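Structure first, then comments.
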Amino acid sequence: MMKIAVLGFGVVGSGTVELFYRNKDSIIKKAGKDLDIKYILDIRDFPDSPYADKIVKDIDVILNDDEVKLVAECMGGVKFAYGFVKSCLQKGKSVATSNKELVAQKGAELLSIAKENNCNFFFEASVGGAIPIIRPMHQCLAANEISAVAGILNGTTNFILTKMIEEKMPFDEALSLAQKLGYAESDPTADVEGLDACRKICILSSLAFGKHIYPDSVHTEGISAITVRDIADAKKWGGEVKLIGSTKKLDNGKIMTLVAPHFVCRGNLISSVSDVFNAIMVSGDAIDKAMFYGRGAGKFPTASAVVADIIDMAKASGTSISQVWEEAEDNSFLENIENNKVEMYVRIKTDKESIEKVFSGVDFISEENGELSFVTPCLSEKEIDEKLSQIGAEVVSRIRVLDI
Ligand code: HSE
């Protein structure tokens, strides 16, 4: 019998426990080993829970119990989770986590500790909730050289943008609705300012290109400045505004990673991904493109990925099959955002003549309230900014055009 400990009995932790017991017989068959949950770590009491007898408050109970071979970390945050996960791995206990902040900040180190201790550190639930993406990239697509990964990685902002697109709802109203429905937290910063998507693209990028990318080295913009006018202009241009996390290997060998709202043309499947759904497109030399789509958040969609990791950890017990990526020496493998080549949607308070003097061959989209909007030719961001300063007028909005 292999015993499991679940760290954190919040939304994902309780989903993991409930899903495990709901499907226990088939989970045990798939794992090929007898499994049971022995402990649930939480500082709170849950006297009415059917699992109240499993609650413990001291991590040492778990660390010192040799029967516990598998751990599911569903606490979130780095402060406590990092120490707990590190100690579990050092004791040879495999860990599955749903904690994207932990993987984005400490992934390289924890993966290496897992290798050293002949156990595993899995994190399928950290990106895309229910969507299989980590294991497909690590295993099913392993024969490929990955050239790019891009997609909608945050459900809350996609819900907000969908309301703005479909109902012309202003950002503040759509955010309040997302909070009312329980998608956005009372402090929505991590979602709306792109930090959550940034952590996820860091994980995918590290996995795709083998070097750890830290969130603070990634250019990150959120959606709080997007207006209904931007959305209407995107529609006239032939697409939608979506918050995209992307990472790609450039011809010079450097990696360009960013999170920002983008115009996505209607021909791209990502443009039609709405509501709280996520979608991730992976480009590889053998597959061309593969797209992964599904529910990116929520109790059972996320628990589905955690429990699948538990099954795989049980099957792999005694071996270390986790992926490993390197700690980068410095950031010289990352391309600077100013060298990013893009077409850019610009809304600016000036006239057509002033724009045409600086940009040749622009497509104008709309003219309203003294603001003209257009899409620039494909240039580096530095060149675009220089040209906009030459015009010398107030730039009201600038949104990149997605090029995959
Ligand atoms: N806040 C995240 C989202 C939850 O909205 O996608 C899942 O990581």
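Residues: numbered from 1 along the sequence shown. Atoms within each ligand, like the ligands themselves, are counted from 1 in listed order. Just so you know, these numbers come straight off a predicted model, no measurement behind them.
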R295 to F300 six-membered ring, cation-pi geometry met (6.0 Å, 45°): no
Applied to residues 44-74, the ring pair (Phe, Tyr, Trp, His ring centres under 6.0 Å) test, sequence neighbours excluded, yields F9-F46, Y21-Y51
Do any pairs count as a ring pair (Phe, Tyr, Trp, His ring centres under 6.0 Å) and have a residue in residues 133-168, sequence neighbours left out, and if so which ones? F159-Y183
Mind checking what makes salt bridge (charged side-chain N to carboxylate O under 4.0 Å, His left out) contact with K93, not counting sequence neighbours? none
Output for ligand 1, non-hydrogen cut-off under 4.0 Å, lists K100, N154, G155, T156, D191, D196, K200, G296, A297
Does E343 offer a backbone N or O that forms a donor-acceptor pair with the side chain of T376 under 3.5 Å? no
Residue from E381, K382, H219 passing side chain to side chain donor-acceptor pair (under 3.5 Å) with N340: E381
